[in-house]
Amino acid sequence: MVLLSLILLPILLLLLYFIVRPRPVTIPIKNRHVFITGGSSGIGLALAQQAASQGARVSLLARSLNKLQEAKESIRRSSGLDVAIFSADVRDHDAVQKAVNDAGPIDVLVVNQGVFVPQELEKQGLDEIKFMIDVNLMGSFNVIKAALPLMKERKDRLPASISLISSQAGQVGIYGYTAYSASKFGLRGLAEALQQEVIADNIHVSVVYPPDTDTPGFEKENEVRPELTKLLAGSSGSMKADEVAKKALDGIKSGSFTVPCNFEGHMLAIATAGLSPQRSFLMAFIEVASVGVLRLGHSPLVLEMDHHYFFRLLLFTSRISWMRIFGYNKFHHSIFRN
């Protein structure tokens with residue numbers, strides 16, 4: 001068996017080298033128009049600062065004009081460069097379309113807006129659920145629909161990019177993130193199908209999966225998170241907005257479809273690769289070779305590990321921690337009964 005594996009693995013690697021598509025690409029940033037939604041704070045602002053420092057012409061879109069003006073001044077102070085700002089709600093397609101038309105043709109579109117209200121589904125109001133779906137998912141459709149025609153008609157024909165900022169909660173479902181995860185999982189389906197539609201126009205789609213990120217929004221979210229959600233989501237650690245922005249921008253420039261931001265994100269990317277595009281034949285090889293190890297079946301000897309191996313293991317240990325801390329017998333019966 002070992003000898004057979006040693007023979008088959010190089011053959012598999014060679015096969016993937018020839019069949020992996022699309023091929024690697026470099027998407028230039030300097031002297032190109034980078035349009036970022038949700039750009040007035042957090043990851044969006046950090047992305048804007050880094051893109052501007054690399055010579056991009058940057059446009060920001062967000063709801064609050066005051067915050068946009070503060071972001072513009074912040075970028076001017078840090079880089080000496082000016083950026084264009086547009087106030088619009090991504091839920092309003094007409095307002096987004098006007099902003100995009102005023103900004104001009106886009107080379108790199110970063111769909112970064114996002115809202116989150118953590119809560120168990122049973123307790124969460126439908127108005128909050130609709131709000132997250134409308135901003136995170138429908139807002140992304142509105143932005144892309146508005147920008148895509150001019151992106152296809154760009155004159156330079158250099159590689160262009162559409163990037164969607166998702167979340168690790170868009171790779172694996174997390175307790176208390178039922179609605180939020182649904183809105184972020186939807187971005188992957190959007191991206192996979194869209195990539196097939198726009199690849200002939202030399203437009204490359206990326207999905208970025210940050211962990212918890214130190215932003216003003218995260219601070220507010222953490223105040224209302226269910227305790228078990230804090231245990232689960234916090235296990236992956238947190239990152240600074242500028243760290244996530246660097247990972248995201250590097251992924252965008254390399255045309256990577258899946259852009260993880262930390263070690264746990266890389267493991268999740270391998271475990272949940274599915275049929276997503278993969279430019280690197282080496283990463284494709286790792287995904288193919290590792291999928292069986294990560295899957296492992298539903299053996300009780302491996303704590304019922306499935307394709308979300310690390311999070312299933314984490315969930316198991318978090319269940320124990322939860323009960324030690326809170327002593328919830330009802331929770332024990334409900335979550336261990338399977």
Side-chain angles (χ1 to χ4, degrees), residues 22 24-30 32 34-56 58 60 71 75 78-79 107-114 116 136 140 159-172 174 184-185 187-188 191-192 195 204-218 221 233-273 276-280 282-284 286-287 310-311:
V25 68
T26 299
I27 298 172
I29 295 292
K30 188 175 182 178
R32 306 193 81 201
V34 178
F35 189 100
I36 304 170
T37 68
S40 63
S41 64
I43 296 171
L45 177 56
L47 272 166
Q49 290 170 328
Q50 294 185 25
S53 70
Q54 294 181 31
V58 176
L60 305 179
I75 294 171
S78 64
S79 66
D107 300 302
V108 176
L109 175 64
V110 183
V111 186
N112 170 70
Q113 83 284 341
F116 35 81
N136 298 351
S140 299
S161 170
I162 296 174
S163 174
L164 298 107
I165 309 300
S166 181
S167 163
Q168 285 186 356
Q171 294 175 287
V172 59
I174 298 175
K184 291 299 188 177
F185 265 80
L187 295 180
R188 173 169 169 170
E192 287 191 3
Q195 180 63 97
H204 305 270
V205 180
S206 298
V207 187
V208 182
Y209 296 102
D212 285 345
T213 306
D214 293 334
T215 64
F218 173 66
E221 176 207 0
S235 66
S236 184
S238 64
M239 296 178 68
K240 301 291 185 183
D242 58 348
E243 295 173 335
V244 172
K246 185 180 187 309
K247 295 284 187 181
L249 199 55
D250 288 345
I252 291 168
K253 291 192 294 184
S254 67
S256 301
F257 181 82
T258 300
V259 184
C261 296
N262 61 5
F263 174 77
E264 289 81 4
H266 279 285
M267 293 300 99
L268 281 173
I270 293 170
T272 62
S276 293
Q278 177 54 263
R279 293 185 185 279
S280 167
L282 184 58
M283 279 305 302
I286 292 172
E287 289 169 0
F310 294 98
F311 274 80

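Small disclaimer: the values here were computed from a predicted structure and weren't measured.
Note that CD of Gln54 is 11.5 Å distant from OG of Ser79, once rounded to the nearest 0.5 Å. With rounding to the nearest 0.5 Å, the separation of OG1 in Thr213 from CD in Glu243 is 9.0 Å. Between the CG atom in Asp214 and the CE atom in Met239 there is a gap of 10.0 Å [rounded to 0.5 Å]. Distance check: Ile174 CD1 to Ser167 OG gives 6.5 Å after rounding to the nearest 0.5 Å.
Looking only at side-chain heavy atoms (C-beta outward), Leu187 and Ile165 stay at 4.5 Å or farther from each other. Under the 4.5 Å side-chain criterion, counting only non-hydrogen atoms from C-beta, Leu268 is not in contact with Pro260. Counting heavy atoms from C-beta outward, Tyr209 and Lys184 have side chains that stay 4.5 Å or more apart. The closest side-chain heavy-atom distance from Pro211 to Glu264 is not below 4.5 Å.
Closest of all the heavy-atom pairs between Gly114 and Asn136 is CA-OD1, 3.1 Å. In plain terms, the two heavy atoms of Val111 and Ser140 that are nearest each other are CG1-OG, 3.4 Å. Here the closest heavy-atom approach between residue Val207 and residue Ser166 is recorded as CG1-CB, 3.8 Å. Looking at every heavy atom in both residues, Cys261 comes nearest to Val244 through SG-CG1, 4.1 Å. Closest approach of Glu192 to Phe257, counting heavy atoms only: CG-CZ, 3.5 Å.
In this structure, the side chain of Ser206 does not engage the main chain of Gly255 through any donor-acceptor pair within 3.5 Å.
Taking Asp250 as the reference, Lys246 meet the salt bridge (Lys or Arg N to Asp or Glu O under 4.0 Å) condition, with sequence neighbours excluded. With sequence neighbours excluded, no residue satisfies side chain to side chain donor-acceptor pair (under 3.5 Å) with Gln50. Applying the side chain to side chain donor-acceptor pair (under 3.5 Å) rule to Lys247 yields no partners; only residues at least two apart in sequence or on another chain are considered. Not counting sequence neighbours, the partners of Arg32 by the salt bridge (Lys or Arg N to Asp or Glu O under 4.0 Å) test are Asp107, Asp156. A search for side chain to side chain contact (heavy atoms under 4.5 Å, CB included) contacts involving Ser161 returns Ile27, Val108, Ser163, Ile252, not counting sequence neighbours.
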Show me the side-chain donor-acceptor pairs of residues 34-49 shorter than 3.5 Å, one per line, residues at least two apart or across chains.
unit_1, atom_1, unit_2, atom_2, d
Thr37, OG1, Asn112, N, 2.8
Thr37, OG1, Gln113, N, 3.3
Thr37, OG1, Gln113, OE1, 2.7
Gln49, NE2, Ser74, OG, 3.1

Test side chain to side chain contact (heavy atoms under 4.5 Å, CB included) on Gln171 and Gln168; report intermediate values, then the result.
CA-CA 5 Å; Gln171 294 175 287; Gln168 285 186 356; 3.5 Å; yes
